[in-house]
Trainee: 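My questions will all concern the structure given below.
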Amino acid sequence: MPRTLGGSSVTTVQAPPAPVARFCVGVTGHRLNHAGLQTQAAAVRASLAALLAQIDARAKTFSSSPPRLHSMLADGADQFCADAALACGWELVAPLPFGLALAGATAEDWQGEAAAAALAHAQARADGAGAPDPAFAAVDRFFDYATKAQVFALAERDAQIERLYRQRAHGDGEAQAAFAAETSHRYTLASRVIVEQSDLLIALWDGVSRTGFGGTGHTIAAALESGVPVAWIRPDAPEVWRILRTPEDLADLDAARRDSEPEAALARIVEDALRADRPPGHGDAHASAGMAEFLKEAWPEKSNRLWHGYRRIEAMFGESGNPFRSLTQTYARPDQIADGAWRDLMARIGALPGLAEDFVAQLRNSIAPRFAFADGISTHLSDAYRGGMILNFALSAVAAVGGLTYMPFFTYYEKPEFAIFELTMLCAIVLVTQIGGKRRWHGRWFESRRVAEYLRHNPILLAIGVARPAGRWPRGVETSWPEWYARQTLREIGLPRATVTPAFLRAALELVLQPHVVSQRDYHLAKAKRLRNVHDNLDKLSMALFICAIVVVAGYVTLKGVEMLPGVGSLVSPRQTSQFTYFGVVLPLLGATIAGVRYFGDFERFSSISEVAAEKLDAIAARIAALLRLSDADIDYEVVARLAHAIDDVVVGEIESWQAVFGGKHITIPV
């Protein structure tokens with residue numbers, strides 16, 4: 001049965017289904033004009049087909065979704081791998097360094113008038129108006145693959161590169177050098193997109209060239225730096241392949257060649273990517289149970305007032321306005337968020353020129369409901385865990401105060417009633433602690449919050465083709481299923497079908513990145529100020545209570561000292577002595593309780609975390625504003641992608657800092 005937190009209205013809203021895992025592969029390698037590939041083409045094809053068949057068989061063990069291949073569709077390794085992938089029924093995605101026409105025209109190194117004719121033919125094929133032409137077979141082969149692929153084309157500099165393309169074809173040496181530099185840069189960008197979208201990179205590489213930007217060796221190094229393993233095939237010996245895992249493997253390729261169990265390593269890579277319930281030994285023994293709990297969570301329509309303690313502290317000590325106003329929250333339902341809180345975001349993403357219309361529908365059906373569910377459950381669990389601890393602190397103080405109250409105001413014979421009251425409060429503390437521990441309020445809150453925060457900003461990254469590489473996702477101390485869940489949710493959509501143009505990039509900055517960064521910056525600024533106020537005011541209250549205790553005790557000592565003077569009678573009666581004792585104990589006790597709440601809440605550190613996040617986001621907002629003042633020609637995909645990655649780094653850094661603060665603070669007896 002779905003569990004509730006007690007006292008909350010629960011509807012029949014069900015958790016969105018878990019994402020269907022998908023294994024994603026990238027390919028890089030030599031073109032057909034490479035000497036080794038020309039002589040071993042048939043053997044290379046056979047080796048690639050066998051490798052993809054192994055991946056396919058292993059992936060089917062864990063997922064019903066076919067793997068996905070990311071390829072730039074160049075002749076040679078890219079097209080060989082595409083043939084094998086299509087034969088296995090895989091999805092084919094093409095991150096292209098140029099728009100379709102220019103990518104097709106550069107399929108071969110045309111010179112002179114042939115270059116212009118090839119470009120015209122490629123443009124006609126891109127427009128859907130051209131027929132195959134034997135004179136431009138390489139162009140036609142490229143478009144045969146492109147029609148079978150989901151294309152993400154980086155076309156924002158096509159006008160400049162096309163001009164260089166025409167000039168260098170007619171012997172312009174400067175244009176030749178500029179064209180080579182520009183194309184290397186574009187291939188570097190497209191390769192980076194492939195690496196970010198892949199769990200494994202297949203590389204057909206001679207092991208020699210490593211320095212050319214955008215080349216095979218450079219792409220392999222980038223993948224390994226990003227934590228993406230590489231299946232390395234040599235063109236001159238394609239029957240044997242090896243797994244490279246770290247950049248250091250490139251320094252000792254002979255050792256990599258001696259790898260005796262590449263098939264077992266490949267199986268582990270596929271399994272690690274597709275299994276949320278990794279077996280013991282991966283540090284994730286409870287992942288399956290954690291995600292199973294999440295998928296069975298009962299949807300709470302509203303927050304429970306019993307657990308509002310933490311937020312009530314914030315309202316009383318950190319905000320202006322009525323501190324006793326209602327704090328009841330109604331959570332955004334998964335089936336309604338697309339037309340509610342996310343409506344504006346999806347409208348802005350949908351307005352990006354060149355983005356496929358179905359992308360917003362995919363957001364609506366995949367990411368939005370999963371985010372809303374995780375966000376609602378996490379918010380509710382946060383109230384339960386933090387509110388439960390605040391309740392424990394309050395009950396602890398009430399128990400102690402209640403147990404002592406008989407002393408100054410009642411007689412010894414009435415003590416049993418106060419003892420019963422104290423016992424009741426102490427039992428309530430133990431009960432709250434046991435319930436919170438048994439129901440894993442702390443763990444479930446951490447896990448669902450990680451899911452929500454990853455999914456909150458990733459639609460923005462997805463829309464512009466940016467992703468966190470598989471090897472760069474953080475891991476939880478006890479479980480990593482939230483990262484798996486978020487990553488596979490994003491993989492369900494993958495790269496959008498889009499053509500990146502100057503208008504696309506400017507709209508991405510104005511409509512998507514800037515509003516998100518500014519809103520998150522303002523949120524963190526307000527949060528930092530509120531939490532700083534809470535910390536300072538709790539500190540002042542705690543200090544005031546201790547000062548009052550000092551005054552009370554000092555007053556008692558003074559009166560007793562005066563009594564010792566000659567001729568002075570008794571100034572403090574036994575009842576008054578009890579009252580002095582009572583307040584001398586209760587006031588520092590309350591002060592210590594307030595200090596305990598302040599320590600548990602770590603308001604100051606959370607304020608500092610938000611301040612740091614706000615500063616970083618403000619710097620990013622300034623960079624975006626500076627970019628928007630430039631002309632379209634000065635805004636390229638690399639700059640925008642770098643900003644998107646900076647936003648992602650801020651979010652992940654904030655999550656990791658938050659976990660470091662609250663990670664070890666499980667619900668417990670307040671001490």
Side-chain angles (χ1 to χ4, degrees), residues 16-28 52 55-56 59 62-73 78 81-82 85-86 88-96 145-154 189-202 223 226 228 270 273-274 346 349-350 352 354-371 454-455 457-473 483-500 504 508 512 637 641 644-645 648:
V20 179
R22 186 185 295 275
F23 191 73
C24 293
V25 178
V27 60
T28 184
L52 265 66
I55 294 173
D56 188 65
F62 303 103
S63 174
S64 60
S65 289
R68 181 182 288 145
L69 178 71
H70 298 87
S71 166
M72 282 188 265
L73 307 181
D78 287 6
C81 216
L86 292 171
C88 291
W90 291 17
E91 286 187 6
L92 181 60
V93 179
L96 301 180
Y145 288 100
T147 57
K148 301 171 185 175
Q150 178 163 307
V151 173
F152 181 81
L154 303 178
L189 295 181
S191 296
R192 188 180 304 161
V193 173
I194 288 176
V195 168
E196 291 173 2
Q197 295 288 336
S198 301
D199 298 302
L200 173 72
L201 181 70
I202 296 175
S226 298
V228 177
V270 176
L274 296 181
M346 293 200 295
I349 291 176
L352 295 178
L355 184 68
E357 294 181 358
D358 63 350
F359 182 75
V360 171
Q362 291 174 312
L363 292 182
R364 172 184 289 270
N365 296 328
S366 178
I367 297 181
R370 291 191 177 115
F371 162 76
Y454 293 134
L455 296 184
H457 77 289
N458 265 291
I460 293 169
L461 273 61
L462 271 184
I464 56 178
V466 170
R468 176 168 285 267
R472 293 286 180 84
W473 281 76
E483 286 73 24
W484 180 93
Y485 183 99
R487 186 169 66 251
Q488 291 299 340
T489 294
L490 305 177
R491 287 282 172 82
E492 279 190 344
I493 299 177
L495 273 178
R497 192 184 303 271
T499 300
V500 176
F504 177 97
V512 181
Y637 182 76
H645 277 298
D648 186 50

Trainee: For the residue pair S65 and V20, what are the closest heavy atoms and their distance?
Mentor: OG-CG1, 3.1 Å
Trainee: Find the distance between CD1 (I460) and CG (D648) and round it off to the nearest 0.5 Å.
Mentor: 11.0 Å
Trainee: Report the C-alpha distance between L52 and I202 in whole Å, list the side-chain angles of each, state the deciding distance to 0.1 Å, and finish with yes or no for side-chain contact (heavy atoms from CB on, under 4.5 Å).
Mentor: CA-CA 9 Å; L52 265 66; I202 296 175; 3.3 Å; yes
Trainee: Between CZ of F359 and CG of L352, what distance do you get to the nearest 0.5 Å?
Mentor: 8.5 Å
Trainee: Hey, mind stepping through I367 and I493 against side-chain contact (heavy atoms from CB on, under 4.5 Å) and telling me if it holds?
Mentor: CA-CA 9 Å; I367 297 181; I493 299 177; 3.8 Å; yes
Trainee: For the side chain of S63 and the backbone of A21, is there at least one donor-acceptor N/O pair under 3.5 Å apart?
Mentor: yes
Trainee: Would you please test R370 and E492 for salt bridge (charged side-chain N to carboxylate O under 4.0 Å, His left out) and show each step?
Mentor: CA-CA 12 Å; R370 291 191 177 115; E492 279 190 344; 2.9 Å; yes
Trainee: Determine yes or no for a side-chain-to-main-chain donor-acceptor pair under 3.5 angstrom, with R364 supplying the side chain and M346 the backbone.
Mentor: no
Trainee: Apply the test side-chain contact (heavy atoms from CB on, under 4.5 Å) to residues R192 and L189: give CA-CA distance (whole Å), side-chain angles for both, the deciding distance (0.1 Å), then the verdict.
Mentor: CA-CA 5 Å; R192 188 180 304 161; L189 295 181; 4.0 Å; yes
Trainee: Just by modelled atom types, is the V466 backbone N or O under 3.5 Å from a matching donor or acceptor in the E196 side chain?
Mentor: no
Trainee: Is W473 reaching over with its side chain to a backbone N or O of R468, donor-acceptor style, under 3.5 angstrom?
Mentor: yes
Trainee: If you measure from CZ on F504 to OG1 on T499, what distance do you get to the nearest 0.5 Å?
Mentor: 9.0 Å
Trainee: Is a side-chain donor or acceptor of Q197 paired with a backbone partner of L69 at a separation under 3.5 angstrom?
Mentor: no
Trainee: Quick one: are P496 and L462 in side-chain contact, heavy atoms under 4.5 Å?
Mentor: no
Trainee: Measure the CZ-CD1 distance between F152 and I464 for me, rounded to the nearest 0.5 Å.
Mentor: 8.0 Å
Trainee: Whether the side chain of H70 engages the backbone of A94 through a donor-acceptor N/O pair (distance < 3.5 Å, no angle test) should be reported.
Mentor: no
Trainee: Is there a donor-acceptor contact under 3.5 Å from the side chain of R22 to the main chain of P66?
Mentor: yes
Trainee: Say you draw a straight line from OG of S366 to CZ of R491; how long is it, rounded to the nearest 0.5 Å?
Mentor: 13.0 Å
Trainee: With a 4.5 Å limit on heavy-atom distance, are the side chains of Y454 and T489 in contact?
Mentor: no
Trainee: Considering non-hydrogen atoms only, spot the tightest contact between L455 and F371 and give its length.
Mentor: CD1-N, 3.8 Å
